[in-house]
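Lettering of chains follows the sequences in order, A, B, ..., and the numbering in each one begins at 1. The structure presented is a predicted model; accordingly, all values stated were derived computationally and were not measured.
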Amino acid sequence: MGEYEPQRIEAKWQKIWEEQGAFNADRDPVRPKYYVLEMLPYPSGTLHMGHMRNYSIGDAVARFKRMRGFNVLHPIGWDSFGLPAENAAIKNGIPPRQWTNSNIQQMKATCKRFGFSYDWRREISTCEPEYYRWNQWFFLKMLGRGLAYRKLSKVNWCPQCQTVLANEQVVDGCCWRHETTAVEVREIEQWFLRITNYSDELLADMAELKDGWPERVLVMQENWIGKSRGTRVRFAVPDLSGIALEVFTTRIDTIYGVSAVLLSPHHPILSELVAGVPGAGAMEERLEAMRKVNLRAADLATAEKIGIFTGRFALNPFSGERVPIWVANFVLAEYGTGAVMCVPAHDQRDFEFAQKYHLPLKIVVQPLSGSVLRVDQMEQAYTEYGRSVDSGPYSGMESAAAIEKMTADAEAKGFGRAETTYRLKDWGISRQRYWGTPIPVVYCKKDGVVGVPEEQLPVRLPENVVLTGEGRSPLANVPEFLKTTCPKCGGPAERETDTMDTFVDSSWYFYRYTDAHNDRAPYDPSNVQYWFPIDQYIGGIEHAILHLIYSRFFAKVMRDLGLIQHGEPVRRLFSQGMVQKGGRAMSKSHGNVVGADEMAQKYGCDTARMYTLFAAPPAKDLEWSEDGIEGCSRFINKVYRLVDRHAQNLKNVESRLSESVDLSQATGKEKLLLRKAHQTLKRVTHDFESRWHFNSSIALIMEYYNEVQAQEPLDQGMRPEVAKRLVELLVLMLAPISSHVCEELWEMLGHSGGLARVSWPAFRDDLAKEEQFEIVIQINGRVRGKILVEDGLSEEETKERALADPRIAPLVQGRTIVKVIVVPRKLVNIVLR
RNA sequence: GCCCGGGUGGCGGAAUGGCAUACGCAGAGGACUUAAAAUCCUCAGGCCGCAAGGCCGUGUGGGUUCAACUCCCACCCCGGGUACCA
């Protein structure tokens, strides 16, 4: 009799897997491919249970799919450029590369300690020149196509990080990494990628993702792109010749209801507009105060509307009406034209604004049906489509038609035009940082901005750079990097000293896995052709916008470069819930990590992995607690002892697939357990295939075990080959989850060659079928009894037996049966009056 | 504000409109042991009752239905997202 020794077993099988190259995946013309991927980690130094949950889900799926006969690609790598390495260097004087690589070493050891079934030959690290040269290569391709460009632009500057932030890295006006540090605005020459060229396509192609991606991710991306069709209309300012205000509206049909023109407090024309107006000085002060207010997103929507009358008027180009020009705090400078028309009757914000400042309310759209709107009865704006009224020649038209006609007329008369606006902005990728991909460009006095020729790639990041964390890009202080010659004229030139946003690295890394060591191209397209798209991508919801929209953009650029044929890299996406500790996402920066190594040491990785799957459904957030992990540990122990108990007797027994069991010869005990086994198999298979409720799968397998346990001794009243198969089924169903111990148990049962070559057991309907059912008898919906009936009993007969039941009959006696509902195999409900 | 999740025992959680609380944790009792650990068995939503049994019970209030954790309406609370986008 042996003892379950997780540490010994886990080390043993990890070694065997490695020696066998058990998880190496190569192109295979026979088996169907399956590409399953977890988002690559940043090498912060510690893999915690949040990571482990992500990888445990992915690994269970990878192993299951292998057992289902797929050629599974399951790779891992390191997102190894980025700020923390540089900060560590500034703080402790350790070179970023050294810090990063030692972290990778540690985390890789932890990964191996958990036995994830990765093809380690394909490991990548984005900070290596072998990888980042292809970032530079892609950049140059985009430069050549005008998709990368430089512009002087306002940027978000975090005074803490001392660097530029992407729009996406600004959260509620503060830095995403320093939640209390307000972001400042600066103007610098920056490199941008023209993601907006793909706005429409990024939006349209979401239709392809509808079945495989979580709804909320698609909604978030849709909002992020923020497409809006409308009309740009010019309002002349009669007192100031040469000045006109342009507004953007999606409801040009309401323009006869305009009560004012509203400007953003940041509108560039403001100072010109208010110059010369009495009280301009005081007004400027109030405007400045309005500009300074910085609200959190949640408060924005409920914030009080504040306006300042400019003293100027504008002319409604349709009606000729003179309307006041106001500045309003709720008008956004960055969106549309920074100015809107105020239509109190048909926009809720305008309604509230008009009420406060007593601007007139004019109804110009009436509902197509229902009660007619009246000015003195309106309590909120009517924002639906309807029929135009009091709108000059457009009165009587339905809204959609009015919008079309009025836009066309505005265009014809030269004071407006149709316009589609987007919220999505081009992607600023310049970072004034050291630890990133150098942007492969030189500046020559004679030739200007020159891309580094492809054959000179990679532009290597110089080592041994002293990092201080001050101001500009550290690379500007490295003369041997900075000074170079112009590739065109050979004259003296300087290199670009900014590096790329690390989101560039992660925008295409999953293509590199298909051909990780190619030194002539980012990848061989034929490899991508074979492995793509990614069948299943698994990661945190926090990447719903940034990473996942940038990767989609990169795929489209690659397609336009002729490198790939598809436009969408990810077929199915799964967003697992966060692992939290103390109510916050587990992360090193929050200082609340539970180390994965510690768990493996304490319980073994099979237990730790099972527990991360058992503690909650994968999509749900999980507050980490060790309470309960003992249960998984105990369960694995029990399974081990069960197998151990019977291994001697069973290991030489010819393994009879349950698929070939002859039911007619089966004993009662055999039937009972085969039934339970196949009922479990059916549901567990379904969970793996589509539902991913691994917590329920594990519970079901536990139930199955309990049933087997209850039927001990298994060597009585049961043929050995059936007993063996029943135990095997238990092991096989657990194999994707707690793989090491299952390998060991499989071996103990007399098998060689490992589980990697074993197929997932086939489900057999006739074995799972119940012969008898317990029927619940209800009276008026309350349970009053139970009877056992054989399958196939007619409804009529079931009803008879229910009514005849000795517990039921007296209750029914003397009362009127209104009706009897019979649900086959489930219940009988007798409705009495 | 709006959008998306969610609210079930002491805890994590389970349940295609059909026995609410599976599975596990923690707990109580028992067996084994000199003892402890481990293991095994039993109990376990609340209230009333010696018991048989009854009543109540899935955030709150309504509704649909023979039957509602599940569907519909209104509301409360928690979490996440967010764009006052004209």
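Across the protein-nucleic acid pair, A:His686 atom NE2 and B:U16 atom P stand 10 Å apart, rounded to whole Å. If you measure from atom CD of A:Glu712 to atom C1' of B:C41, you get 15 Å, rounded to the nearest angstrom. Here B:C56 presents its C1' atom at 9 Å from CZ of A:Arg782, a figure rounded to the nearest Å. A:Tyr4 places its OH atom 16 Å from the C1' atom of B:A38, with the value rounded to the nearest Å. Atom NE2 in A:His266 sits about 13 Å away from atom P in B:C84, given to the nearest Å. Residue A:Ile821 contributes atom CD1, which lies 3 Å from atom C1' of B:C66 at whole-angstrom precision. Taking atom OH on A:Tyr611 and atom C1' on B:G13, their separation rounds to 11 Å, with Å as the unit. In this structure, A:Tyr704 places its OH atom 16 Å from P of B:G24, rounding to the nearest Å.
Looking at which nucleotide of RNA chain B each of A:Asp350 and A:Gln580 is closest to, the 5′-most match is held by A:Gln580.
Although no hydrogens or angles enter the test, the distance criterion places a donor-acceptor pair under 3.5 Å between the side chain of A:Gln679 and the main chain of A:Ala768. Between the side chain of A:Arg675 and the backbone N or O of A:Lys769, at least one donor-acceptor pair lies under 3.5 Å. A donor-acceptor pair is defined here as one N or O able to donate and one able to accept, closer than 3.5 Å; no such pair exists between the side chain of A:Ser264 and the backbone of A:Leu332.
Residue A:Arg784 places none of its side-chain N or O atoms closer than 4.0 Å to OP1 or OP2 of B:G53. The phosphate of B:G53 has OP1 or OP2 within less than 4.0 Å of a side-chain N or O from A:Arg807. Between A:Asn695 and B:G24 there is no side-chain polar atom (N or O) within less than 4.0 angstrom of OP1 or OP2. Residue A:Lys620 places at least one side-chain N or O under 4.0 Å from the OP1 or OP2 atom of B:G13. Phosphate contact (OP1/OP2 of B:A86, side-chain N/O of A:Ser228, threshold under 4.0 Å): present.
Between B:G54, B:G18, B:C85, one nucleotide has an atom nearer to the side chain of A:Arg423 than all others, and that is B:C85. When each of B:G13, B:G18, B:C40 is scored by its nearest atom to the side-chain atoms of A:Pro617, the top-ranked nucleotide is B:G13. Picking from B:A15, B:C84, B:G24 the nucleotide with the shortest atom distance to the side chain of A:Phe330 gives B:C84. Of all nucleotides listed (B:C40, B:G18, B:G79), B:C40 comes nearest to the side chain of A:Arg641. Of the listed nucleotides (B:G18, B:A86, B:C19), B:A86 has the atom at the smallest distance from the side chain of A:Thr250. The listed nucleotides are B:C66, B:G12, B:C23; the one nearest the side chain of A:Ala615 is B:G12. Residue A:Glu703 has its side chain nearest to B:A22 when only B:A22, B:C19, B:U82 are considered. Candidate nucleotides B:A26, B:G18, B:C40 were compared by shortest atom distance to the side chain of A:Arg634, and B:A26 ranks first. Comparing B:C66, B:G18, B:A86 against the side chain of A:Thr249 picks out B:A86 as the nearest. Considering only the side chain of A:Val219, B:C3 comes nearest among B:A86, B:C3, B:U39.
Taking atom C1' in both B:G54 and B:U64, one finds a spacing of 28 Å when rounded to whole Å. Comparing B:A67 with B:G13, their P atoms are spaced 32 Å from each other, to the whole Å. B:C11 and B:U16: their C1' atoms are spaced 28 Å apart (whole Å). Nucleotides B:A68 and B:C19 are separated by 14 Å at their C1' atoms, to the nearest Å. Between the C1' atoms of B:G10 and B:A44, the separation comes to 12 Å (whole Å). Comparing the C1' positions of B:C50 and B:C76 gives an interatomic distance of 43 Å, to the nearest angstrom. Rounded to the nearest Å, the gap between the P atom of B:U21 and that of B:G46 is 14 Å. Going from the C1' atom of B:A14 to that of B:C4 covers 24 Å, rounded to whole Å.
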Secondary structure of RNA chain B in dot-bracket form (Watson-Crick or G-U wobble, distances below 3.5 Å, | marking inter-strand pairs): (((((((..(((.....[....))).(((((.......))))).((((....))))..(((((..]....))))))))))))....
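Annotated as syn: B:G9, whose glycosidic dihedral is within 90° of 0.
Among the heavy atoms of the strands lying under 4.0 Å from A:Tyr335 is at least one base atom, whether or not backbone atoms are also near. Within the nucleic acid shown, A:Glu774 comes within 4.0 Å of at least one base atom, counting heavy atoms only. Within 4.0 Å of A:Arg691, counting heavy atoms only, lie sugar-phosphate atoms of the nucleic acid but no base atom. A:Val823 comes within 4.0 angstrom of a nucleotide base, judged by non-hydrogen atoms across all strands. Contact annotation for A:Phe614: base contact, defined as any heavy-atom pair under 4.0 Å involving a base atom. At the heavy-atom level, A:Asn706 lies under 4.0 Å from the strands shown only through sugar-phosphate atoms. Nucleic acid contact class of A:Val820 (heavy atoms, under 4.0 Å, all strands): none.
Residue A:Lys305 places a side-chain atom within donor-acceptor reach of the base of B:C84, judged by atom type and a 3.5 Å distance cut-off alone. A:Asn829 contributes a side-chain N or O that forms a donor-acceptor pair with the base of B:C66 under 3.5 Å. On a pure distance criterion of 3.5 Å, no polar donor-acceptor pair joins the side chain of A:Gln778 and the base of B:C66. For a distance-only test at 3.5 Å, the side chain of A:Asn223 qualifies as a donor-acceptor partner of the base of B:A83.
The stretch residues 245-269 of chain A participates, sequence neighbours left out, in these salt bridge (charged side-chain N to carboxylate O under 4.0 Å, His left out) pairs: A:Arg232-A:Glu246, A:Arg251-A:Asp253.
When only modelled atom types and interatomic distance are considered, A:Asp200 and A:Tyr422 share a side-chain donor-acceptor pair under 3.5 Å. In summary, the side chains of A:Thr231 and A:Thr407 do present a donor paired with an acceptor at a separation below 3.5 Å, with no hydrogens or angles considered.
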Starting from the C-alpha separation in whole Å, work towards a yes-or-no answer on ring pair (Phe, Tyr, Trp, His ring centres under 6.0 Å) for A:Phe694 and A:Phe688. CA-CA 7 Å; A:Phe694 301 120; A:Phe688 269 109; 5.2 Å; yes
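Listed here is the closest heavy atom pair of A:Thr421 and A:Gly336: CG2-CA, 4.5 Å. Closest heavy-atom contact between A:Val818 and A:Leu832: CG2-C, 4.1 Å. Minimum interatomic distance between A:Ser388 and A:Ala402 (heavy atoms only, all atoms of both residues): OG-CB, 3.8 Å.
Exactly one residue among A:Arg349, A:Gln348, A:Lys356 makes a side chain to side chain donor-acceptor pair (under 3.5 Å) with A:Glu352. That residue is A:Gln348.
A 4.5 Å side-chain heavy-atom check between A:Gln221 and A:Arg552 finds at least one atom pair inside the cut-off.
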